[in-house]
Number of protein chains: 2
Amino acid sequence: MKEGPDIALLGSLIGDPARANMLTALMSGKALTASELALEASVTVQTASSHLKKLEAGGLLGQRKQGRHKYFTLSDDDVGSLLETMMGLAAKKGHIRIRTGPKDPALRKARVCYNHLAGEMGVRIYDSLLARNFIAADNDTLILTEQGHSFVAEFGIAIDTAKKTRRPLCKPCLDWSARRSHIAGTLGTELLDRFYQLGWAKREEGTRTVAFTPKGEKAFAASFPL
Amino acid sequence: MKEGPDIALLGSLIGDPARANMLTALMSGKALTASELALEASVTVQTASSHLKKLEAGGLLGQRKQGRHKYFTLSDDDVGSLLETMMGLAAKKGHIRIRTGPKDPALRKARVCYNHLAGEMGVRIYDSLLARNFIAADNDTLILTEQGHSFVAEFGIAIDTAKKTRRPLCKPCLDWSARRSHIAGTLGTELLDRFYQLGWAKREEGTRTVAFTPKGEKAFAASFPL
DNA sequence: TTAATGCTTCGATTAGCATCGAAGTATGAA
DNA sequence: TTCATACTTCGATGCTAATCGAAGCATTAA
């Protein structure tokens, strides 16, 4: 018995509610940490770890270590389209969708990526800094250029203190939507803190949403033009 | 917990090995009975019945009662394409396929459908008789016409004895490939028996394959032109 | 009617696996 | 170094569901 489970393996991987929630959370292209996925699935991190291991072994997930975090994404576009097909069929057959929903709209715009800004605005920082040659890609890491140092200092960040730590100054960090990179590392953290400090934005309780004030959003747009 | 298993339900349905085997067996478009599916999945009929109930409730299967048999098919083309997608991904990810395979080639041409001939040659009988007005569709059943009676008698079948039973003379029966109908009922049984009797074909042991002799195949083609 | 076949339901057993607590490893911060 | 965080592994528990035997229905044949 239990002989040839070609599609059965795939099915059973997707068939567990916890794993299905993780996969749908990753469907947006977002790269999520194990803890975040645990939260999405409403299970403990141990359980999540076990699931993620299985999903990875099954070839559905890819991972990328970033410091002490482990980011998971769907491994393939094929996986994405399979899930999309399944969601479509499930909807058609009346297996109604009860999943969350009210979170995303604000999260897409700006959210905390555990210590730096992600979402559209996070991507914008990256693009803006790169376009003005304030940062430059160097062998899979990012370095802050001469002009970049000036800009950061002008922006009110004491970069020297940040330099002491072993933590990289800039790091690219995956974003969802277009799987775009944004700024992580010490600089990313410092920037986000500075936004809070300037009163441009503040963190919403309980969620990962970062809420910008109208005034803050204008100032942001001025400081990070495209 | 266990909150919103949109795609999880689909996944778990496909995730069970027995069900996966049934679904892949139905992937060719063939309409199979519960017993046949049980055989395919290597489980008892009770277990199969339970699985089929779930698959039908999940909207993956459609059924058609035919006498005391219950024929199952994939309910949708969407279901078929989902399974195809999954099989493709499974192959790509290295979940090797161990399933049967060597059966089909001969079965496609001619096979026993529990008491009548199915497969391409079965479909041909249906088409030939219909084209020559030997049978006619009447309110979801088939009737043998006046000319049809002559033909059958000429072919060597004592139709009177068949008429006595309560069993319908002709019945359409689903076939796979193009989901075409072929002749079942008393007439179907009698025709197959006559083929055996004429030495045109004989049943292969252990399989559902019907092996026609070269001579038999020619005679068949002559008797059932298109 | 009786007998046979195809399928379903019921009940009990069993196996698998998701789950979490607790301890262990790794990375980063001070 | 020490402390904190992110994640993994181990072990035990408990729930779910697949499985099959046995009995019940439905259809067909004699």
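Chain letters run A, B, ... following the sequence lines, proteins first and then strands; every chain starts at 1.
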Parallel, tilted or perpendicular: ring planes of A:F155 versus A:F195, cut at 30 and 60 degrees: perpendicular
Which residue lies more 5' along DNA chain C, comparing A:T47 with B:R68 via nearest heavy atoms: B:R68
Between D:dA6 (P) and A:F72 (CZ): distance, integer Å: 14 Å
Nearest-nucleotide pick for B:H51, side chain only, options being C:dA18, D:dT19, C:dG6: D:dT19
Below 4.0 Å: OP1/OP2 of C:dA26 and any side-chain N or O of A:K70: no
Which nucleotide in C:dT19, D:dT8, C:dT9 has an atom nearest any side-chain atom of B:Q46: C:dT9
Pair B:T47-B:S50, side-chain donor/acceptor within less than 3.5 Å: no
Separation of C:dG6 P from B:L37 CG (nearest whole Å): 14 Å
Which residue lies more 5' along DNA chain D, comparing A:V45 with B:R19 via nearest heavy atoms: A:V45
Interatomic distance, B:I135 atom CD1 to B:H149 atom NE2 [nearest 0.5 angstrom]: 12.5 Å
Within-4.5 Å side-chain heavy-atom neighbours: B:L83 and B:L26: no
Between P of D:dA17 and CG of B:D16, the distance in whole Å: 11 Å
Distance, rounded to the nearest Å, where A:Q63 contributes CD and D:dA6 contributes P: 17 Å
Spacing of B:N21 atom CG relative to D:dA18 atom P, expressed in whole Å: 14 Å
Sugar-phosphate only, base, or nothing, as touched by A:A18 at under 4.0 Å among non-hydrogen atoms: sugar-phosphate
Value in whole Å for how far the P atom of D:dA6 lies from CG of A:L32: 14 Å
Atom pair distance, as rounded to whole Å: CD in A:E190 and P in C:dA29: 12 Å
Given D:dA6, D:dT8, C:dT19, the nucleotide with the shortest approach to the side chain of A:S50: C:dT19
Nearest non-hydrogen partners of A:M121 and A:L117, listed with the distance: CB-CD2, 4.1 Å
Whole-Å distance separating the CG atom of A:L39 from the C1' atom of C:dT19: 17 Å
Proximal nucleotide (of C:dA18, D:dT9, C:dT9) relative to the B:K53 side chain: C:dT9
Presence of A:K65 side-chain N/O under 4.0 Å of C:dA26 phosphate oxygens OP1/OP2: no
